*Asks:* 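Okay, here's the structure, questions in a sec.
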Amino acid sequence: MTDSILSKAATMEIPINSNGDTRTAEDDSLEQDLQQVMVSGPNLNETSIVSGGYGGAAEGIIPTSSIKAPSMHHSNSNPMMSEEATRGVAVEKFDSVKKWSINTYKCTKQMFSERFGRGTKTVDLELDAQIDVLKETKLKYERILRLARELTNHFYNMVQTQQALGDTFADLSQKSPELQDEFGYNAETQRLLCKNGETLLGAINFFVSSINTLVNKTMEDTLMTIKMYENARLEFDAYRADLEELSVGPRDAAAMVRIEMAQQQYQIHKDKYERLRSDVTIKIKFLEENKVKVMHKQLLLFHNAISAYFAGNQQQLEQTLRQFNVKLKPPGSDKPSWLEEQ
């Protein structure tokens with residue numbers, strides 16, 4: 001019975017040159033590329049067998065270490081049963097690796113066909129345009145985040161310098177009676193600027209933290225779903241092309257069986273593609289709404305805090321932080337500053 005299973009599996013193997021197409025130089029080049037791809041496939045003895053498909057999630061992963069042959073005791077008592085079990089495990093491994101190889105081959109062939117202009121590609125113009133806008137927006141927001149961090153570092157250094165300058169003025173005020181007043185009010189001015197600077201640093205730090213969450217968590221999560229969608233699109237087009245190729249070929253009994261199997265695989269990958277396309281559409285919509293809400297608050301905070309600081313309006317600066325619930329460490333705290341904790 002096992003020999004018949006192996007024979008059936010061998011007859012269902014799909015050849016690289018399907019439907020008797022004449023090989024060309026590009027086909028030879030493609031086959032060499034595919035051989036390199038196949039090298040990265042699963043090892044029968046060491047790796048897990050992935051049955052989820054090309055670029056899919058980690059569903060359907062069968063660790064090979066979980067498949068164990070019968071113990072030596074049972075093998076000695078019933079060698080025929082042990083041999084049957086061993087063959088069953090080998091057949092299961094062979095089938096799983098063959099499915100992975102066929103899926104990888106089809107997707108790689110489709111990818112090269114699209115690149116060389118020999119294959120068709122499913123395109124959703126509206127969704128693809130939204131994806132391009134999102135990727136471009138993420139790059140611009142990353143630039144805002146980088147510049148805001150640079151501003152924070154430079155401003156922090158300035159505040160530290162003002163604090164040191166104020167302490168020096170205060171020391172000289174005590175040791176220079178003839179310039180006591182002059183050194184004194186300069187020391188107070190620098191201390192006031194330092195205090196307001198720390199308040200502004202708190203506002204800028206809150207701004208940086210919010211932009212970082214938006215870019216590296218919210219946007220990145222949506223881009224991960226987009227990557228899964230793009231992989232599903234490639235799989236869908238690969239199985240669609242395979243079905244179209246079989247449909248124009250001969251219609252004998254063996255061909256009809258292959259067409260029926262191709263139709264089933266096509267429908268499975270079509271459903272996966274449509275589900276992920278719907279997920280991407282929904283995530284992009286919610287991301288846009290969240291982005292507008294977050295940036296409206298953060299840009300208002302940034303503007304009001306910067307304006308109040310450089311206008312010398314300490315009361316408005318503190319009111320801005322209270323308005324946006326930005327908390328600062330209490331005065332005289334011995335804990336390291338927020339920048340030192342980075």
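One is the number of the first residue; the rest follow in order along the sequence. The figures that follow rest on heavy atoms only: side chains count, while hydrogens, waters and symmetry mates do not. Bear in mind that the values here come from a model prediction, so they are computed numbers and not experimental data.
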*Asks:* Where is the tightest heavy-atom contact between Arg240 and Thr122, given as atom of each residue plus distance?
*Replies:* NE-OG1, 4.0 Å
*Asks:* So if I apply the side chain to side chain contact (heavy atoms under 4.5 Å, CB included) rule between Leu214 and each of Gln298, Lys291, Glu220, which one comes out positive?
*Replies:* Lys291
*Asks:* Could you go through Gln267 and Gln263, starting from their C-alpha distance and side-chain angles, then the distance that decides it, and tell me whether this counts as side-chain hydrogen bond (donor to acceptor under 3.5 Å, both in side chains)?
*Replies:* CA-CA 6 Å; Gln267 189 62 44; Gln263 180 68 42; 4.5 Å; no
*Asks:* Examine Phe155 together with Tyr309 and report whether their ring centres are nearer than 6.0 Å.
*Replies:* yes
*Asks:* Using every non-hydrogen atom in the two residues, find where Val326 and Gly202 come nearest and quote the distance to one decimal.
*Replies:* CG1-O, 3.7 Å
*Asks:* Checking Thr281 side chain against Arg277 main chain: does a donor-acceptor pair fall under 3.5 Å?
*Replies:* yes
*Asks:* Below 4.0 angstrom, N of the basic side chain to O of the carboxylate: do Asp221 and Lys217 qualify?
*Replies:* no
*Asks:* Answer with yes or no whether the side chains of Glu114 and Gln110 bring together a donor and an acceptor at under 3.5 Å.
*Replies:* yes
*Asks:* Between Asn196 and Leu317, which heavy-atom pair has the shortest distance, and what is it?
*Replies:* O-CD2, 3.5 Å
*Asks:* Please check this pair: side chain of Glu289 against backbone of Ile284, looking for a donor-acceptor N/O pair closer than 3.5 Å.
*Replies:* no
*Asks:* So which of Phe236, Tyr239, Tyr273 actually passes ring pair (Phe, Tyr, Trp, His ring centres under 6.0 Å) with Tyr266?
*Replies:* Phe236
*Asks:* Could you walk me through whether Glu188 and Arg191 satisfy the salt bridge (charged side-chain N to carboxylate O under 4.0 Å, His left out) test, starting with their C-alpha distance in whole Å, then the side-chain angles of each, then the deciding distance to 0.1 Å, before giving a yes or no?
*Replies:* CA-CA 5 Å; Glu188 290 299 322; Arg191 287 174 178 174; 3.6 Å; yes
*Asks:* For a side-chain hydrogen bond (donor to acceptor under 3.5 Å, both in side chains) with Glu142, tell me which candidate from Arg146, Lys138, Lys140 qualifies.
*Replies:* Lys138
*Asks:* May I ask you to say whether Glu198 pairs ionically with Lys195, meaning some side-chain N is under 4.0 Å from a carboxylate O?
*Replies:* no
